[in-house]
Structures are given as C-alpha cells and as structure tokens.
*Asks:* 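Here it is, the structure in full.
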Amino acid sequence: MRYNMDRLYERVADKGHVCVGLDTAPDYIPPSELRKAESPAEAVLKYNRAIIDATSDIAACFKLQIAYYEELGIAGLEVYARTLAYLRERDLLAIADIKRGDIADTASRYARAHFEGEFEADFVTLAPYMGMDSITPWLAYAERRGKGAFVLMRTSNPGMRDFEYRELAAGGRLYDAVGDKLAELARESAGKYGYGAFGAVVGCTEREEASVIRRKRENLFFLIPGYGAQGGAADDAALLLSNGNGGVVNASRSILKAWNAAGISPEDATNETAAGCAREAAAEMRDAIRTAAAHRAGPAKQAVQNQPKKAVCLSEA
Ligand SMILES: O=c1ccn([C@@H]2O[C@H](COP(=O)(O)O)[C@@H](O)[C@H]2O)c(=O)[nH]1
C-alpha cells in the first residue's frame, strides 16, 4: 500500500517541514477584499486560494481547522469542501483537523465522511479519549486507500497538563499510554520509511520531554502544532524531528496574518500583498526549522543539508 504518510515524508524531504494552517477567519482578510466579496465565506475561499498558490512550493502540506468553516454555517462548509478540492486538484496534501473520537459505529461514519466524498482529505486528526475502538474504524481507510491520521498525544495548549500529564498507577503518563498504543498500530502499518500510517500530535510549546518523546516514538510521524502564535520556535520544533524528517510543523495565524505583522495597513492590504507576506513567513519558517534540525543532527547531517537544494532533491528522488 502506498500510504499518505510516505507521501508526506517525501514532501518534507523535498520542501521542508512547514504545514500551512488554513484556519481562515474573515477578520484575517484585508478589508478591501471582504468588501469586494459577495459574502464572508466567498472571501475566505479566495483568500485560501491566494495563500495556497503563494506557498504550494514551500509547504509540505496544508491543514484546515474545520471550526473556522463550521462557524460560517452551510456556506462555510461549502468553502471547506472547495478548499479541499482545490488542494486535491494540485496534488497538495491536506490534513482535516477535525479531532473526532466516538464509538466504533459512529467513528466508521465519520471516517466515510472525511476520507470519501465532498470532505475527502488525506489525513485527519483524532481524539483518543474513548479508546482504540474509536480509532480502528479509521484504519480500514489506511489499508484500502492509504489514508492517514494524527492522534492527539501531547498537545500544545496550557490545559495539556490537566489530563495528558496524569501519572498512571501502572507507571508513565497518560500521553505515554496513548503513545504505546499508537506505536503498536504503527508497527502493523509501517510504510516505506518506517513510519506508521497513523502518527501523533505533539505540540512544540513545551520543550520538557520533547527529545525523550522523539527518541521513544521512532515509528510515529508527528504533526507539531504550536509554532509562532502559540510561542513555539524552530529550536523547539526541531527537538521533535528525526534525521531531518519525521514531522510537519503547523503554523496558522502567523502565516495567515503575516501581512498584519509586517505592518501593512488594513486599507492598503490586498490578497496579493497578504499572499506575498504569507510566502515570506512560510519560507522563513522553513529555513529556520531546517537550520535548527541540522544543528541538532550535528556536522555530518549539516554537511548534507547544506548542499544545493537541487542536489538534495535529486538524491532523494
Ligand atoms: O495540540 C494542538 C492540536 C491542534 N492545534 C491546532 O493547530 C492550529 C494552531 O494554530 P496557530 O494559529 O498556529 O496557533 C489550530 O488549528 C489548532 O486548532 C493546536 O494548536 N494544538
């Protein structure tokens, strides 16, 4: 089976670790574009397309947080589906950040809804609180269609300590117990590069235990949120990478609102200027993570990574 996780690994090797978050709220969009559009939803679609066009050669993948679309109602869900279709047409990988978790029968319906049809994505995010029977129905799609998932393990938010850090009577922390189960699953669905079809969400806002988590979970590919707006930096994210690969680092607001941070006045901004700033922010992020990862890997890896990009791509093709 050609797993999407293998495709993602190859995109990282080729383009770097950036996952552009399409968490597009209407108020992130230049006001002139909002005025021109027939509805906020239409403005979001146009903005998404501009961001995708400007970053598609830099981003390993794109992540859509479904809440931003749901809050716009039916029109928002239509934009969600059309954004996914736009990515698919361009052979760009999409993560649907839907964080589902329910009894097996319901889970299989969620899986059909997000791995087939109008909302089809390459990967989803899952919440493991209800146990492995809420995860396994999704696995059928890994076996049949190569689909992938990232299961919440150690998240990026302050509340991660409320439950994920609980010490278990059997030893270890709750997030470790999730990691054990995921590592088991990954052994059964290992792809070409040794990573399982399903990986884990591990935030980069907390450096504590990051290197240990990475070493312990060598067959799990990580989706790493928390970069930029939540305070995570390239050095933090690099602790969660493995041999220059093994994870994608998500940034949403710091890319979508880069035009704002660059000091462009709302009245002067257009989708074109916003997309230019997004491109610059994504490229800076890619370079900072590459440098931090190479620094962590030591001189031998640095020498390989410092070769001209074309040569690296050719050797990995
Ligand atoms: O632990 C987690 C899991 C998911 N997220 C999601 O990632 C993005 C982060 O957005 P930023 O604007 O870059 O902070 C958002 O969609 C979250 O729902 C997370 O932040 N932490």
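Atom set for the values below is all heavy atoms of this structure, side chains included, hydrogens, waters and symmetry mates excluded. The first residue of the sequence shown is numbered 1, and numbering continues consecutively from there.
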*Asks:* Can a donor-acceptor pair be found, under 3.5 Å and without considering hydrogens, that links the side chain of W259 to the backbone of Y28?
*Replies:* yes

*Asks:* Residues in side chain to side chain contact (heavy atoms under 4.5 Å, CB included) with D235, at least two apart?
*Replies:* R207, A292

*Asks:* Taking NZ, NE, NH1 and NH2 as the nitrogens, is one of them in R49 or D53 under 4.0 Å from a carboxylate oxygen of the other?
*Replies:* no

*Asks:* Under a 3.5 Å distance rule, please check whether H114 uses its side chain to pair with a backbone N or O of F123 as donor and acceptor.
*Replies:* no

*Asks:* Should L72 and I29 be regarded as members of a common hydrophobic cluster, given that ILVMFWY residues are connected when their side-chain heavy atoms come within less than 4.5 Å of each other, either directly or indirectly?
*Replies:* yes

*Asks:* Within the 4.5 Å heavy-atom criterion, are C277 and I264 side-chain neighbours or not?
*Replies:* yes

*Asks:* Quick check on E118: does its CD atom have over 12 non-hydrogen neighbours (other residues, nucleotides or ligands) under 6.0 Å away?
*Replies:* no

*Asks:* Using ring pair (Phe, Tyr, Trp, His ring centres under 6.0 Å) as the criterion, list what pairs up with Y110, not counting sequence neighbours.
*Replies:* none

*Asks:* Taking the side chain as every heavy atom from C-beta outward, state whether R166 and R173 have any atom pair closer than 4.5 Å.
*Replies:* no

*Asks:* Starting from V124, can I reach V248 by hopping between I/L/V/M/F/W/Y residues whose side chains sit under 4.5 Å apart?
*Replies:* no

*Asks:* Taking side chain to side chain contact (heavy atoms under 4.5 Å, CB included) as the definition, give me every residue that meets it alongside E184, ordered by chain and number, with sequence neighbours left out.
*Replies:* K181, R187

*Asks:* Does R286 come within less than 4.0 Å of D57, counting only side-chain N to carboxylate O?
*Replies:* no

*Asks:* If you round to the nearest 0.5 Å, how far is CD of E206 from CD of Q230?
*Replies:* 13.0 Å

*Asks:* What side-chain hydrogen bond (donor to acceptor under 3.5 Å, both in side chains) pairs are there with at least one residue in residues 130-140, not counting sequence neighbours?
*Replies:* none

*Asks:* How far does CZ of R145 sit from CE of M1, to the nearest 0.5 angstrom?
*Replies:* 10.0 Å

*Asks:* Working to the nearest 0.5 Å, report the span between CG of D23 and CZ of R253.
*Replies:* 8.0 Å

*Asks:* Would you say the side-chain atoms of R90 pair up with the backbone N or O of I52, donor to acceptor, closer than 3.5 Å?
*Replies:* no

*Asks:* Flag yes if L182 and Y195 sit in one hydrophobic cluster, no otherwise; membership is Ile, Leu, Val, Met, Phe, Trp, Tyr, and two members link when side-chain heavy atoms are under 4.5 Å apart.
*Replies:* no

*Asks:* Let me confirm one number: the CG-CD distance from N271 to E33, rounded to the nearest 0.5 Å.
*Replies:* 3.5 Å

*Asks:* List the residues meeting ring pair (Phe, Tyr, Trp, His ring centres under 6.0 Å) with Y165, not counting sequence neighbours, and say none if there are none.
*Replies:* Y175

*Asks:* Does E209 come within less than 4.0 Å of R217, counting only side-chain N to carboxylate O?
*Replies:* no

*Asks:* Within a 6.0 Å radius of atom CD on E70, are there more than 12 heavy atoms belonging to other residues, nucleotides or ligands?
*Replies:* yes

*Asks:* To the nearest 0.5 Å, what is the distance between CD on E167 and CG on L174?
*Replies:* 10.5 Å

*Asks:* Step by step, would you call I135 with M132 a side-chain contact (heavy atoms from CB on, under 4.5 Å)?
*Replies:* CA-CA 5 Å; I135 306 288; M132 294 311 285; 4.2 Å; yes

*Asks:* Between R35 and E267 (salt bridge meaning N to carboxylate O under 4.0 Å), is one present in this structure?
*Replies:* yes

*Asks:* Taking the side chain as everything from C-beta on, heavy atoms only, tell me whether E120 gets closer than 4.5 Å to L84.
*Replies:* no

*Asks:* Main chain of T155, side chain of E164: is a donor-acceptor contact present, judged purely on distance under 3.5 Å?
*Replies:* yes

*Asks:* Does the E42 side chain pair with the main chain of E38, one donor and one acceptor, at a distance under 3.5 Å?
*Replies:* yes

*Asks:* Going by heavy atoms in the side chains, are S156 and T205 under 4.5 Å from each other?
*Replies:* yes

*Asks:* Any donor and acceptor pair, going by atom type alone, linking the side chain of S265 with main-chain N or O of D268 inside 3.5 Å?
*Replies:* yes

*Asks:* Just so I know, are the side chains of L45 and Y86 near enough to count as touching, which here means a heavy-atom distance under 4.5 Å?
*Replies:* no

*Asks:* Contact between L22 and T83 at the side-chain level, heavy atoms closer than 4.5 Å - yes or no?
*Replies:* yes

*Asks:* Show me the pairs that pass ring-ring contact (aromatic ring centres under 6.0 Å, His included) and involve residues 61-85, at least two apart or across chains.
*Replies:* Y69-Y80, Y80-F119

*Asks:* Taking the side chain from K63 and the backbone from G21, do they hold a donor-acceptor pair closer than 3.5 Å?
*Replies:* no

*Asks:* Just so I know, are the side chains of V202 and L220 near enough to count as touching, which here means a heavy-atom distance under 4.5 Å?
*Replies:* no

*Asks:* Is a donor on one side and an acceptor on the other found under 3.5 Å between the side chain of R7 and the backbone of D122?
*Replies:* no

*Asks:* Using a 4.5 Å cut-off on heavy atoms from C-beta on, say whether the side chain of I95 contacts that of L223.
*Replies:* yes

*Asks:* Keeping D6 on the side-chain end and K192 on the backbone end, is there a donor-acceptor pair under 3.5 Å?
*Replies:* yes

*Asks:* Under 3.5 Å, is there a donor-acceptor pair between the side chain of D287 and the main chain of E284?
*Replies:* no

*Asks:* Between OH of Y3 and CZ of F198, what distance do you get to the nearest 0.5 Å?
*Replies:* 9.5 Å

